Amino acid sequence: MVIIYLSAIFGLGAIGVSFFSGNLVVGGVPSSIILRFLQDEVARNAYFSGNSTRLHDRLDEMGIEEQMKAYYRPKISNEDKLDQYIHQILYDRTGYVGEAYQVNGGILVPKN
């Protein structure tokens, strides 16, 4: 029983360290960005009130999109695909559709 208890504590500790060090990604969003979001009252209020436009504006003011791009750029070198990928993550989490995109079956596609 002690081994199970210690294993659980160790596992939760490892997850906690990974989260707070920014090495964990939750729903496509790096934990360092989640922590910044949670510390911002305006962003939290916009998210929990369902105001996707205000939330998007606040995330833009905070530079969240650029931080996410910096995180994913080593994995996605094509800037257009990177932009679409980041906007898809933000759309999935907030419901906001950027001006350059339209929704097609839940997927953001660039407007032509």
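All values reported here derive from a predicted model rather than from experimental measurement. The chain is numbered in sequence order, starting from 1.
No donor-acceptor pair closer than 3.5 Å links the side chain of H56 to the backbone N or O of S52. Between the side chain of K81 and the backbone N or O of I76 there is no donor-acceptor pair closer than 3.5 Å.
Residues I34 and V26 share a closest heavy-atom pair of CD1-CB, 3.7 Å. Across all their heavy atoms, M68 and V29 have their closest contact at CE-CG2, 4.3 Å. When all heavy atoms of N78 and D80 are compared, the pair lying nearest together is OD1-N, 2.9 Å. Minimum heavy-atom separation, L55 to A43: CD1-O, 3.5 Å. Considering all non-hydrogen atoms of both residues, Q84 and V109 come closest at NE2-CA, 3.9 Å.
In this structure, CD1 on I86 lies 11.5 Å from CD1 on I64, to the nearest 0.5 angstrom. One distance of note links OG1 of T94 with CD1 of I89; it measures 11.5 Å at 0.5 Å rounding.
Side-chain contact check for Y96 versus T53: some heavy-atom pair is nearer than 4.5 Å. Between P30 and I33 the shortest side-chain heavy-atom distance falls below 4.5 Å. In this structure, the side chains of V25 and Y71 come closer than 4.5 Å at one or more pairs of heavy atoms. Side-chain atoms of V42 and R54, non-hydrogen and from C-beta on, do get closer than 4.5 Å to each other. Here the side chains of L59 and E65 are not in contact, with every heavy-atom distance at 4.5 Å or above.
For Q88 and D92, the side-chain atoms include at least one donor-acceptor pair closer than 3.5 Å. Under 3.5 Å, the side chains of R36 and Q67 contain a donor-acceptor pair of N or O atoms.
Using cut-offs of 30° and 60° for the angle between ring planes, the Y72 and Y85 rings count as perpendicular.
For R73, the salt bridge (charged side-chain N to carboxylate O under 4.0 Å, His left out) partners at least two apart in sequence or on another chain are E79. Residues satisfying the salt bridge (charged side-chain N to carboxylate O under 4.0 Å, His left out) criterion with R58, sequence neighbours excluded, are D40, E61.
Connectivity analysis of hydrophobic side chains (ILVMFWY, heavy atoms under 4.5 Å, direct or indirect) links V97 to Y91, Y101, V103, L108.
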